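All remarks here apply to the structure that follows.
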Amino acid sequence: MKPVIFTENLNVGYDKKVVVEQVDICAQKGELICLLGPNGSGKSTILRTLTGLQPPVNGRVEINGRDIATIKKAELAKKMAIVLTEQVSLGLLTVFEIASMGRYPHTNFMGRLSAEDEKIVNEALDLVDAGYLKNRYYFELSDGEKQKVMIARALVQEPELIVLDEPTSHLDVRHKVEVISILRKLCLEKGITVVLSLHDIDIAIKGCQKILLIEKGKVKAQGTPEEIIKTGTIQSLYSIEGANYNELLGCLEFCSPVLPEVFITGGNGTGTGVYRAVSRAGFGMCCGVLHSNDIDLHVAKALNCDVVEEDSFSRITEKHYEDAAAKMAKMHYVIDTGFPVGKTNEHNLDLIIDAIKMGKVVFSLTDQSELKGRFGDWAEKIKCCKNPAEILQIIPPQTGSGC
Ligand SMILES: Nc1ncnc2c1ncn2[C@@H]1O[C@H](COP(=O)(O)OP(=O)(O)OP(=O)(O)O)[C@@H](O)[C@H]1O
């Protein structure tokens with residue numbers, strides 16, 4: 001079967017000036033493809049060229065094996081729907097009337113809707129969960145609701161391909177997820193091919209089947225999200241300063257200050273929230289001893305913490321224990337995250353007791369009733385807190401500079 005959309009030797013741009021060169025796209029039926037790149041990298045220019053709104057500088061765009069330049073606009077409108085970024089001003093029209101506009105390639109000369117057309121409009125509104133809005137005026141809607149109506153209008157065209165330019169901009173996280181979920185549903189259940197641009201790395205990686213990374217006039221990489229997530233690729237794409245992109249978890253972490261002042265244990269996810277809270281308060285951290293397969297280790301590294309790492313499933317070795325103790329000796333504060341204790345990490349409890357012996361200010365997020373069982377008589381020397389916020393009320397705030 002011919003790809004729904006295919007490009008060959010495609011250079012896109014304005015007049016003779018190339019904005020992005022060698023854009024090779026091959027989208028099959030039902031695929032969701034995302035262009036990801038910084039502001040001004042050329043995503044909209046590519047999308048405008050793919051939809052025939054502007055000619056290529058070089059090369060060609062094919063829809064179902066035919067050069068887009070040879071397809072009449074009326075015919076193209078039955079194959080492809082376009083949802084662009086611009087906020088459209090649609091005056092005093094209702095949602096139903098706006099969605100109905102998508103039917104124009106199929107209606108007769110008078111543009112009158114048949115009962116079948118109305119059914120299609122209603123189904124499209126229901127499919128994007130906007131049926132309840134159909135009698136509302138468009139101008140009354142929130143941005144998220146407007147975006148759903150625009151997708152419904154595209155659907156009403158009954159296209160094989162929908163092209164959307166930044167369909168999630170201006171939306172909160174819930175609506176971003178909702179819009180991408182709707183598009184995924186269209187791909188999976190209706191076999192529609194979707195090509196879109198996004199700014200949101202996280203959503204692109206978790207929601208799209210193929211990604212094209214656009215940077216500095218080139219397609220820097222393309223493939224499945226798993227192929228794209230190679231160390232450093234996304235970090236460098238956005239030149240992120242003051243934050244690290246964690247490729248394993250697919251999330252951004254704001255770097256904590258370089259000079260650590262707090263030693264924090266962790267393990268089994270008990271550290272993640274504590275590290276973030278302590279980092280936000282401006283403290284640098286040293287974390288350990290954490291196993292290589294622990295989520296806390298990955299978050300701590302993304303936060304730029306100094307981490308003492310142990311092999312997965314291994315008992316903490318004397319060497320790593322001593323490394324951690326040496327680092328802890330230089331800190332002002334020590335926090336026990338209340339991590340679950342097993343054979344592999346029980347040495348971390350000894351670290352907390354060492355901290356008391358060293359005269360550190362030691363906090364624990366373990367429940368007060370369990371503190372004695374966890375640390376014996378040493379428990380009396382530990383300040384028990386319910387959450388990181390309580391600890392941060394006790395220790396003086398820092399004004400860290402970040403990385
Ligand atoms: N009509 C135009 N004529 C000439 N140059 C243009 C035109 N529209 C955009 N450009 C330029 O083309 C380049 C790419 O712009 P484009 O809008 O495609 O990027 P983008 O990746 O979609 O950006 P953003 O994420 O900010 O929307 C920019 O340098 C822009 O200034």
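Predicted model, so just to flag it, every value in this text is computed and none were measured. Whatever order the structure lists ligands and atoms in, that order sets their numbers, starting from 1.
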Checklist entry - Charged N to carboxylate O under 4.0 angstrom, K2 versus E62? => result no
At a 4.0 angstrom heavy-atom cut-off, ligand 1 is contacted by Y14, V19, P38, N39, G40, S41, G42, K43, S44, T45, E166, H199
* Under 3.5 Å, is there a donor-acceptor pair between the N268 and T270 side chains? -> no
In this structure, CG of L198 is separated from OG1 of T168 (nearest 0.5 Å) by 5.0 Å
Checklist line | Donor + acceptor pair across side chains of S292, D311 (<3.5 Å) | finding: no
Regarding D296 and T272, do their side chains bring together a donor and an acceptor under 3.5 Å, going by distance alone? yes
Closer than 4.0 angstrom, basic N to acidic O: yes or no for E158 and R103?
yes
